[in-house]
Number of protein chains: 2
Amino acid sequence: MNRKATALDVAKRAGVSRSAVSLVLNGRGDGNVAKESQDRIRAAALELNYSPNAIALSLRNQRSRVIGILSDEVVVSPFDGNIIGGADDIARSRGFVTVVMDTERDTARDASAIETLLDRQVDGLMYVTVGLKPIEVPQGMLRVPSVLANCYDAHPEPQLHHVIPDELTGGREATEHLLQLGHRDIALLAGSEDSPAAPLRVQGYRDAHAAANVPLRSDRIFMAGWDIDAGYRGAMKLLDGVSAAERPTAIMCANDRLAVGVTLAAARLGLRVPEDLSIMGYDDETRIADTMVPALTSMALPLREIGRAAMTKLLDAIEGTDTAGKGTTVETMVPCRLVTRDSTGPAPTR
Amino acid sequence: MNRKATALDVAKRAGVSRSAVSLVLNGRGDGNVAKESQDRIRAAALELNYSPNAIALSLRNQRSRVIGILSDEVVVSPFDGNIIGGADDIARSRGFVTVVMDTERDTARDASAIETLLDRQVDGLMYVTVGLKPIEVPQGMLRVPSVLANCYDAHPEPQLHHVIPDELTGGREATEHLLQLGHRDIALLAGSEDSPAAPLRVQGYRDAHAAANVPLRSDRIFMAGWDIDAGYRGAMKLLDGVSAAERPTAIMCANDRLAVGVTLAAARLGLRVPEDLSIMGYDDETRIADTMVPALTSMALPLREIGRAAMTKLLDAIEGTDTAGKGTTVETMVPCRLVTRDSTGPAPTR
DNA sequence: TTGAAAGCGGTACCAG
DNA sequence: CTGGTACCGCTTTCAA
């Protein structure tokens, strides 16, 4: 717990002034400080294991090279952590560090968390959520460059750039995958309306049918919820006691947990997957989709990419690197990615 | 992006000096500053929405009221986020804020992350991991009060206090639950040796058998791994084509994902849960154990409590509140908690 | 009761 | 090429 060496310590040891130390260690020694003084300074710095005090630097420069990440519940929940991972990748590669604060879905804490971050001179702010959702942008975010990841400004005149997954296309391509396998009766367990992602995925499902000119039965769409038991119950309703001719040949789920429930139901009913029933997940949750039996075909959310894109946008704004002026575009959409595994197959002939 | 008000701004507006502002706003006005000056100062501060600059404060006080949390992968992984939630609860209640940095399991990044945190004057450090594990304590952690959560110092002479779940008792009580239901042939899918939790849970399983005087078949224990497919395969080996008399009446799993796999296998084999087979999980993962069909009986990891206990220990050390001297105890064990749901029931009579 | 000044650890300007 | 000095925003001591 001994105090760290300061620039003054280095200066003394090298027999020069603090200013010289500052110049040399910041690479502006040549032409300002004698060659041999430079060497002595560098040697002294090394011996004392000197590194400048970040606090003092921030105070002086009014910049900290720290990006504050505000999470609604990404840290504590099992979901979407890779957004932060991706954001951190980019930040580090550009010489910034990120610090995360999680409000555990208590939006009342947003303002104070942001105030805390701002008080500590963060150079920028990123708001990241579990699941696509509209948010009330906390006032403080407008005081420094900021960006939204996986969420968007609920106001009619959005102030901040946001980066979100392209759920519409995701829903469409998931459906297309099944249509291409020959399925003509595809049920949809569609999550619930509390998430804006759900209706988008439903719309994608509709669009795919329309584009393929396949008639669509609205009674095949269920706003079932998001959890395993919901998937189980939904599947039971669709499959239990229904003849092969009348049941859907595929069930598309709005997330992987629903798909787990559906798989469970199929197993209980003695239906083989994918021979009798194809099951499609969404999200491609690590260690769920890839480890299910059979492994789940799923539409992967581009979490890492969202984090990377959002952080890139943010740092460009901070460093004035963005090509056009700020606010040119307000939205970046990142495509989802189909991951084909073993739970989907050709439609059974009947 | 207009600059924040400083103490000087407040002083000017109130027609006093900066020192007066400082005194009053820190509650040491009485007896030092005239009553009416105090009022003017407070009014001015309010009007200007003044809050002191945390950076300047840290520089001045050499303390920041910030706790750095270093995570191996708690943020990006789906697991154990509630440790951080619990830690944050305590920190906030005691006037500290936490900032989290996640190294995504790259221990090479530990040192630099800690250096960053230290450079920013964090008053304390907490290292938190996904899953119980021994760690190499990064040097820098010894320079400020620090604590380990869900992990422990791998060295023979541990320097830091750690808070971990009591896995031995957890394993024992999980087994006792099944024994009490009359099960006498309990298989164990035990995770893998890469986690120190696995052998402890196995030992608990053995202890419970010994205490109940129930003979134990070592060939019922499988180091199966941790994922759904591992549970599925393990269960198939135990159950498929085995007569009711020879198969175990209960399968205890080292985590909930294994239990999902087991449930899936049981469903495929036409076995009812819990009538024909009881299934026990571990971890009590949110939105898995509670939403399975049937809902999983599980041994809950006390994640939140671990975080709370660790942060309490840490803040006590920082504020010098700890009753005994530092380093009195080096370990805190937090008990796991049995959550009884629908996947376990009385052993079938045969 | 008040204000001036020092100092936390740096950087940057400027005179020598 | 060098060292002195002001300043970032705040607290604290000390003299008036």
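Chain letters run A, B, ... following the sequence lines, proteins first, then strands; residues in each count from 1. Every value quoted in this text rests on a predicted model; they were computed, and no experiment measured them.
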- Item | side chain to side chain donor-acceptor pair (under 3.5 Å) partners of B:Thr103, counting only residues at least two apart | none
- Task: Could you identify which residues of residues 30-42 of chain B place a heavy atom less than 4.0 Å from some atom of DNA chain C, listed by residue number, or say none?
- Result: B:Gly31, B:Asn32, B:Val33, B:Ala34, B:Ser37
- Looking at residues at least two apart in the chain, or sitting in another chain, which of them share a side chain to side chain donor-acceptor pair (under 3.5 Å) with B:Asp153? none
- Task: Please round to the nearest 0.5 Å and tell me the distance separating atom CD of A:Gln38 and atom CG of A:Leu25.
- Result: 10.0 Å
- Note on the structure: Rounded to whole Å, CG of A:Leu59 lies from P of C:dG9 at a distance of 12 Å
- Task: Let me know the distance between CG of A:Leu8 and P of D:dG4, rounded to the nearest Å.
- Result: 11 Å
- Item | With sequence neighbours excluded, residues passing side chain to side chain donor-acceptor pair (under 3.5 Å) with A:Thr332 | A:His161
- Message: Nearest 0.5 Å, please: how far is CE in A:Met311 from CD1 in A:Ile83?
- Response: 12.0 Å
- Are OP1 or OP2 of D:dC7 and a side-chain N or O of A:Gln62 less than 4.0 angstrom apart? no
- Residues that B:Ser58 engages under side chain to side chain donor-acceptor pair (under 3.5 Å), provided they are two or more places apart: A:Arg120
- How would you list, by chain and number, every residue that makes a salt bridge (charged side-chain N to carboxylate O under 4.0 Å, His left out) with A:Lys12, sequence neighbours excluded? none
- For A:Asp119 and D:dC8, give me the distance from atom CG to atom C1', rounded to whole Å. 15 Å
- Task: Would you indicate which nucleotide in C:dG10, D:dG9, C:dG3 comes nearest to any side-chain atom of B:Ser17?
- Result: C:dG3
Show me the donor-acceptor pairs within less than 3.5 Å that the side chains of residues 74-81 of chain A make with the rest of the protein, sequence neighbours left out.
| residue | atom | partner | partner atom | Å |
| --- | --- | --- | --- | --- |
| A:Ser77 | OG | A:Glu73 | O | 3.1 |
| A:Ser77 | OG | A:Phe79 | N | 3.0 |
| A:Asp80 | OD2 | A:Gly131 | N | 2.8 |
| A:Asp80 | OD2 | A:Asn150 | ND2 | 3.3 |

- Set of residues satisfying salt bridge (charged side-chain N to carboxylate O under 4.0 Å, His left out) with respect to A:Arg109, sequence neighbours excluded: B:Asp88
- Using a cut-off of 4.0 Å between protein heavy atoms and nucleotide atoms, how would you tag nucleotides 11-16 of chain C 5' to 3' with B, S and -? BB----
- Task: Return the angle between end axes of the helix from C:dT1-D:dA16 to C:dG16-D:dC1, with five pairs used per end and rounding to 10°.
- Result: 70°
- Message: Holding to salt bridge (charged side-chain N to carboxylate O under 4.0 Å, His left out), I want the full list of residues that pass it with B:Arg65, two or more places apart in sequence or in another chain.
- Response: B:Glu319
- Message: Rounding to an integer number of Å, can you tell me how far A:Gln121 CD sits from C:dG9 C1'?
- Response: 15 Å
- Provide, to the nearest angstrom, the distance between the CG atom belonging to B:Leu25 and the P atom belonging to D:dG9. 16 Å
- Toward the 5' end of DNA chain C, which comes first, B:Gly15 or B:Ala56, by nearest nucleotide? B:Gly15
- Item | Pairing residues for B:Arg13 by the salt bridge (charged side-chain N to carboxylate O under 4.0 Å, His left out) criterion, not counting sequence neighbours | B:Glu47
